[in-house]
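Notes to accompany the following structure.
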Protein chains: 2
Amino acid sequence: MLTQTTIRTGSFNPTVAQAHIRPPQDGDDQVGAIELMGTAMPFARNAEIYGENEPADYLYKVVSGAVRTYKVLVDGRRQIGAFYLPGDIFGLESGAEHSCSAEAITDSRIVVIKRSAVVALAARDNQVAQEMWALTTRELQRMQAHVLVFIKSAQERVASFLLEMADRVPGASVVELPMSRQDVADYLGLTIETVSRTLTQLERSSAIEVPTSRRILLRNRPALNRLNS
Amino acid sequence: MLTQTTIRTGSFNPTVAQAHIRPPQDGDDQVGAIELMGTAMPFARNAEIYGENEPADYLYKVVSGAVRTYKVLVDGRRQIGAFYLPGDIFGLESGAEHSCSAEAITDSRIVVIKRSAVVALAARDNQVAQEMWALTTRELQRMQAHVLVFIKSAQERVASFLLEMADRVPGASVVELPMSRQDVADYLGLTIETVSRTLTQLERSSAIEVPTSRRILLRNRPALNRLNS
DNA sequence: CGTGATCTTGAGGGAATTCAATGTCGGTGG
DNA sequence: CCACCGACATTGAATTCCCTCAAGATCACG
């Protein structure tokens, strides 16, 4: 028994509206044709978007907010597989059923796309089919990269995480974390205490600055990159 | 610094033969149309099949033998992402370049398929396009399942591994491991010593039997499943 | 300003690693 | 056939890094 995590209460399981055309908006940047189908839905903080083993009839795209996907063991240990930020598409990991659960980290707006619509479109338009394949491949690469954190020390894991988050908002060297320490811990395979202590260490060594718990300044990227191995 | 692994010498980088039609053979079971294109190539034990960041012009299918895909950190720590056995297709994790390296674990025969041929086929035949997407999705699911081992104890990791391997040769409750303890360790995020000790523990508790180091009998599946959480 | 949720810090313990030595197996050559 | 060798595996002892348990600090919110 390693990490013991209190199980969160996912509370909100939406009845999904019909797909229809909508005008483009912010968060539209990852895929061409696909983003035009579907309708943005609000999800409250900690609301469940879908559950593991539920039928996977939809794909999802974050418009605003943030999402975590995760699996839990029977005893409550939780492993977060990925965080999704505005512009990201998720729900690709599914065959007939979702292989993970997904929850909104903060209040979020999410475009919900009927999978069958995408499949139908892909059947007519090979461009779309290729895009879906490519998108899934990119997700697979992301996972394979993520697995590397688990052979790293706590310092290295946290440094990798900060750099990873920083790279997702290009240019800025201030990281605004939407997720709690517990989320970070469950993403990195550490405990909340170790994450906290490690951030303090990094701050003491002047690699970062932590003005508020959710805002982190990268003061010395080379140092962090060195830890990133 | 956690696991330190001696870096293996991948030595053999094949010049790949032209794709052409060949009759079906053993190991043909995962995909319909795709397996008919390409030609089986021999790879020696520990030979490199492809390297990380090499252009990804081919897909691969194991006919006989076994393959590992992995990433290494600069200091030599290695994380194995997956093992592939006869019938399995690998190399899907690639965009333009491979995101992992791949090596033959034992002497192997591997069908090498020109990616462009698959893409061309997929462009004409939506069935094929769907199949490729589905195959990549399954790979993604496999990875997501694998990530769960990293929140488990050593006993749980080894038990999971044995059950996973056993499920890939349905029916048999004897697992014939093609890979070394080091490979297992780098797959599970443990050290070789911990893997060894854990197997001994499991044997002492009568959950398994280890007649030779590469052959493992599952004596008490319920006990192993309990550890699998 | 109290209350709960979240985060930080400390002390102590434990599981896995590290380091080191011994054991086993398969092959090769005398 | 057996002795030797190297690769691989097992076992032991000591260490370390992270976890657990516990207390206190900070923050958001009513």
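Small disclaimer: the values here were computed from a predicted structure and weren't measured. The chains referred to below are lettered A, B, ... by the order of the sequence lines, with proteins before strands, and numbering in each begins at 1.
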Spacing between [X] atom [atom1] and [N] atom [atom2], to the nearest angstrom:
| X | N | atom1 | atom2 | answer |
| --- | --- | --- | --- | --- |
| A:Gln182 | D:dC19 | CD | C1' | 13 Å |
| B:Leu177 | D:dC8 | CG | C1' | 14 Å |
| A:Asp183 | C:dT6 | CG | P | 10 Å |
| B:Arg77 | C:dT18 | CZ | C1' | 14 Å |
| B:Leu202 | D:dT10 | CG | P | 12 Å |
| A:Arg45 | C:dA5 | CZ | P | 11 Å |
| A:Leu227 | D:dC17 | CG | P | 14 Å |
| A:Gln155 | D:dC19 | CD | P | 14 Å |

Would you call the rings of B:Phe83 and B:Tyr187 parallel, tilted or perpendicular, taking 30° and 60° as the class edges?
tilted

Can you tell me how the ring of A:His98 sits relative to the ring of A:Tyr50, calling it parallel under 30°, perpendicular over 60° and tilted otherwise?
parallel

Apply side-chain contact (heavy atoms from CB on, under 4.5 Å) to the pair B:Ile49 and B:Tyr60, showing each step before the final yes or no.
CA-CA 9 Å; B:Ile49 298 168; B:Tyr60 303 85; 3.7 Å; yes

When you compare the protein's N or O atoms with those of nucleotides 8-13 of chain C, which come within less than 3.5 Å of each other, and at what distance?
{"unit_1": "C:dT8", "atom_1": "OP1", "unit_2": "A:Arg181", "atom_2": "NH2", "d": "3.1"}
{"unit_1": "C:dT8", "atom_1": "OP2", "unit_2": "A:Arg181", "atom_2": "NE", "d": "2.7"}
{"unit_1": "C:dT8", "atom_1": "OP2", "unit_2": "A:Ser196", "atom_2": "OG", "d": "2.6"}
{"unit_1": "C:dT8", "atom_1": "O5'", "unit_2": "A:Ser196", "atom_2": "OG", "d": "2.9"}
{"unit_1": "C:dT9", "atom_1": "OP2", "unit_2": "A:Thr200", "atom_2": "OG1", "d": "2.6"}
{"unit_1": "C:dG10", "atom_1": "N7", "unit_2": "A:Arg197", "atom_2": "NH1", "d": "2.7"}
{"unit_1": "C:dG10", "atom_1": "O6", "unit_2": "A:Arg197", "atom_2": "NH2", "d": "3.4"}

Which heavy atom in B:Val210 sits nearest to a heavy atom in B:Arg181, and how many Å separate them?
CG1-NH2, 4.3 Å

Phosphate oxygens OP1/OP2 of D:dC19: is one of them under 4.0 Å from a side-chain N or O of A:Thr191?
yes

Contact check, side chains of B:Asp186 and B:Gln182, non-hydrogen atoms, under 4.5 Å
yes

Verdict with reasoning, A:Glu52 to A:Tyr70, per side chain to side chain donor-acceptor pair (under 3.5 Å)
CA-CA 9 Å; A:Glu52 195 173 341; A:Tyr70 63 92; over 6 Å; no

